[in-house]
Amino acid sequence: MMTGVCERAVDLGAPDLLVEFETLPPMTVDPQLGVTITNILATILHAVQARHGIKAALRLTPNDSRDHRRPPPMRSGYYWENMLRLFAAAGAAGADMLAIESTGGKEIHDDALMNADLEGIVYALGVLAPRDMSFLWRHIVQICNDTGIVPSGDTGCGFANTAMALASQKMVPRVLAAIVRVACVPRGLVAFNEGAVGPSKDCAYEGPYFKAIAGVPISMEGRSAACAHLSPLGNIPMAACDCWSNESVQNVRLLSAPAPVVSMDQLIFDCRLMNRASLDGREASLTLRRWLEESDALLDPQAYVLKPQIVFDISQQIVLQPTPYLQTRTAVLAAVEALKQGVKHNGLTLSAIELRWLDKLATQSAALPEDEDEFIALMMRKYKDSPYIPTEYGLPCT
Amino acid sequence: MMTGVCERAVDLGAPDLLVEFETLPPMTVDPQLGVTITNILATILHAVQARHGIKAALRLTPNDSRDHRRPPPMRSGYYWENMLRLFAAAGAAGADMLAIESTGGKEIHDDALMNADLEGIVYALGVLAPRDMSFLWRHIVQICNDTGIVPSGDTGCGFANTAMALASQKMVPRVLAAIVRVACVPRGLVAFNEGAVGPSKDCAYEGPYFKAIAGVPISMEGRSAACAHLSPLGNIPMAACDCWSNESVQNVRLLSAPAPVVSMDQLIFDCRLMNRASLDGREASLTLRRWLEESDALLDPQAYVLKPQIVFDISQQIVLQPTPYLQTRTAVLAAVEALKQGVKHNGLTLSAIELRWLDKLATQSAALPEDEDEFIALMMRKYKDSPYIPTEYGLPCT
Amino acid sequence: MTEHPLYIAVLDGDARGARAAVEEALNAGADPQDLLSSYMIPAMDEVGKRFDDGEYFVPELLIAARAMKSGLELLRPLLAETGAKPVGTVIVGTVRGDLHDIGKNLVASMLEGGGFKVIDLGVDVAPEKFTAAINEHHPDILAMSALLTTTMPGMKTTIDVLKQDGLRDSVKIMIGGAPVTRRYATEIGADAFSESASGAVREAKSLLKL
Amino acid sequence: MTEHPLYIAVLDGDARGARAAVEEALNAGADPQDLLSSYMIPAMDEVGKRFDDGEYFVPELLIAARAMKSGLELLRPLLAETGAKPVGTVIVGTVRGDLHDIGKNLVASMLEGGGFKVIDLGVDVAPEKFTAAINEHHPDILAMSALLTTTMPGMKTTIDVLKQDGLRDSVKIMIGGAPVTRRYATEIGADAFSESASGAVREAKSLLKL
Ligand SMILES: [Zn+2]
Ligand SMILES: [Zn+2]
Ligand SMILES: [Zn+2]
């Protein structure tokens, strides 16, 4: 598969290539397995690089296996230690970058999402996840520095992409998924604050916010990732991306070639178009960007919150807040407000049912207290019987 | 599958949808089977149309099963009669349009292509195929008129796409595939001369020539058809298309959805981009068209011959010729010349091996006689032991 | 019917209201079985219908299911007294190696809303744990889910273990989850399959001929 | 070696030149076996190498194969006299229902170029036709191709019929074609598989331990 993908890239004369390897759980749980596979991929990639002169890099994304135990111990134990081992071995195995889809807070978020419970969502994304990521990324950045590879970034995949997938299946409102997307921004910033430098993960559709706030390069995926999740974000993610990517293409044979090769093919043609437009200068790039943006933005609230103008507006409000909780609360409030304004003044189309939900969520968001300690105390009571361990997030015992 | 595809189109708010059903051989050989399936598809499609207001049309493309016998009887016999039956039943079964990938001349073309024998290729495309299509399309147009459906078009798929596929596999030179593409234009025009009105078939990448010469609307496919054939034509076909299409997506499950749904998703985002650009007016459309065109054109001779400027130039030369043979000869000569000029003056990149082959093919094309009778006599001798029946093409017995 | 406060409370997902409406009706001498079948079940049916029509989302399903459940808690002992048959007992869990519980939790809630007694074994459930639970609870239905193609074979393994232990015929088996197809269900000898959580309730009812 | 006119004629695909070079060499007293193994086979090996390296296309393979064949036609009777073993006989055909012969024809030409005697049964070959041909020609190898997933099972059917007729062990079986994989070859009990026409010649030679 790796060989086929690289060959197609070479055939089409692609100049650069970033390959990401996301481990499956057994490869993190048994780091030796992850190392072996990384090594194989790196060897193929470097051979292609040497033979064809294409610039290639390998990003290793160990999956976060800490949630294999419920409630998950986040800072110790078997799974954590094996993750650390894989991080430490990545550089020697041939990886050029390290990333992760960290899962801190997911044990609270999943249920809160199904219940459209903003309070719980904000507790997971604004309190638990940032505390976990601060701990986790301090380790990752240290290890990357020690082994000479690049700490790239994290993603709200387990949160916002779950919401997006559920919205696609008409299980939760699209406006909720849009709000969760923006609410994932502060947690993502934690990685950059700890020293990650990008490019962000492709499945972090909240990437444009990272670019606006932290100034890091971002990977994005859109229609090219439809194989992994159908989404209303087909063109708009392309508007701000630095790397253009696909995602989890299953290695099934299509009539022409294995699906990953087909997908690589399509990515390259997308890149050709973007590169061709940018050859015509800054004006031209902005024109294509505007078309990409405007072709999606008004058709779905999840696309709307990725409009560059909205990203700038909300980002400015987020950076004024001192703590991740307050940033997340602001992100939610600002996203609700942006959607309301979008419907009122800018032609965003929402169905009657979505509008009803936007009101419900506005009411919920208005109730989020400004006092962080008050909020945490409230949530610790609310979730005292839930399957998570507050001390694993640096919170007091319940 | 049909239901899933339609649902995704509705979910993404696509305004119009053209669905094509290409039969598999058993469905033409047994027309009742083809009719039954057409009926099922039409019923689903019309239900979607009634329920969601999306404008939808169904194109039926019976496969040309006459080549099931070798040498193929083209104008009589079991296979021909069953094809006629399916044509006649298409309208009542719910099809809105009829198309075909006719195969006349393929029994000569396949071998000629593998031998890079331009003489044989031109005999197949310029003499045999047009004679067959004239006969075949007179029947199709008559039947369509009788049953109130639209005779849309034919495609050089079995010829030029075979060449393209072989070129992708590095079996034949890309310059040969580019020349075969242009040489397919005159045969395709026969259908329009007999009364077909478009849109042309998506897999007919020679479509821009049909549009330039016959003024018909065309379907095109590009990177969106990478599932069916990898090609160097990813963006450029989009530059002139009226319908944007995928092709033969196998119904395998990907992580998100069945592959045909994924593919529909991607088509819609492409269309959104094109429609968004055209909202900005003619200048904007032309800019996007230029980017699409120029992002591919210089990287492969097969893309180069689809550049609008080249299409106009060669089309003008083709229409001056009175007969399909002379048109095909001109198409070949003009394509060779365009490629040479492209390399010399316009930055078309060809490898040394391709350049060597361009010279070889130039020599071969220069030897094509101007006198059609002389050429036919020559070829009838050359192919007197080959598995085709000259009288089935209205040629004299050998 | 649609103006009865119990119907309205369940439809709106008002758990406190549902409890209050049940209490009030019982005090006024209503028949427990009648409350269930005339108001509560029709309300849940309407909730399911609205979900299928795209008018409700899952959060609305879940709160309605909770309202239903809180009303049922009052009714269940009375129904048992009158000898009315409970709807049925279902054991649910994701198969070994699979940690994805969003879909499983939803199915569990919907089944509870549909009046079933649900025993949730959680995620990553080994075949032996399923058999132990069957021996303990004697459920009518065993419902397994899997999100990954790699864990899906755990369904077959579980069924095989049930066969070995002679338990296969004592329960109906339902399966579901993203990679699961009707065909796979047939292949491994499951009794039912559903693509969606609301479908799961329908399937469960039809398995028990309700 | 690489300056010998026979080597050059095969490499350039010059059939007339190859015939002339063979005649001249024989007149000058050359050993037929030596002509074959010192010039013609190395020339075809070089052709295959150039193809694999992307320096030659199929048309160049085909004309080289024809040049090889025309030289061989002169040599074959002489080789038979001296008791030299012919390279081998191969029956080729596409399986029942499959009308796609581009790949099959290419393999046939390449095998001929590689010195094999090739019996081409054409397209849409029923299992019975394969067995009849085996009984008639006693080939070393049977090579089947299929382009479609729908016709591919014809390979297994043919092998099954060979087994029934007790012919399976009398030939080596090679398969190929777009949908065919090494794994499928193993599954249905074929002896070899190739993704490409030049690979087919290599596989055929290695099957016969050449
Ligand atoms: Zn992800
Ligand atoms: Zn076609
Ligand atoms: Zn087509």
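All figures in this text were calculated on a predicted structure; none of them were measured in a lab.
Contacts between residues 298-305 of chain B and chain A, counted as heavy-atom pairs separated by less than 4.5 Å, involve B:Leu299.
Annotation: maximal heavy-atom pairing with chain B below 4.5 Å, among A:Ser263, A:Ala277, A:Ala259, A:Ala225, occurs at A:Ala277. When B:Leu288, B:Thr349, B:Val261 are compared by the number of non-hydrogen pairs under 4.5 Å with chain A, B:Leu288 comes out ahead.
When side chains are defined from C-beta on, A:Leu273 counts as touching B:Leu292, because their heavy atoms get closer than 4.5 Å.
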Yes or no on side-chain contact (heavy atoms from CB on, under 4.5 Å) for A:Glu294 and B:Leu279, after CA distance, side-chain angles and deciding distance? CA-CA 11 Å; A:Glu294 293 183 358; B:Leu279 259 190; over 6 Å; no

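Residue B:Ala165 does not touch chain A at all, counting heavy-atom pairs closer than 4.5 Å. If you measure heavy-atom distances from A:Asp270 to chain B, the contacts under 4.5 Å come from both the backbone and the side chain.
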Donor-acceptor contacts under 3.5 Å from residues 231-238 of chain B side chains, at least two apart:
unit_1: B:Ser231; atom_1: OG; unit_2: B:Leu233; atom_2: N; d: 2.8
unit_1: B:Ser231; atom_1: OG; unit_2: B:Leu233; atom_2: O; d: 3.2
unit_1: B:Asn235; atom_1: OD1; unit_2: B:Arg223; atom_2: NH1; d: 3.2
unit_1: B:Asn235; atom_1: ND2; unit_2: A:Phe269; atom_2: O; d: 2.7
unit_1: B:Asn235; atom_1: ND2; unit_2: B:Ser295; atom_2: OG; d: 3.0

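In this view, A:Arg289 satisfies the salt bridge (charged side-chain N to carboxylate O under 4.0 Å, His left out) rule with no residue, not counting sequence neighbours. Evaluation of the side-chain contact (heavy atoms from CB on, under 4.5 Å) rule for A:Pro260 yields A:Met1, A:Val5, A:Val249, A:Asn251, A:Pro258 as partners, not counting sequence neighbours.
By the 4.0 Å N-to-carboxylate-O rule, A:Asp296 lies too far from B:Arg276 to be salt-bridged with it.
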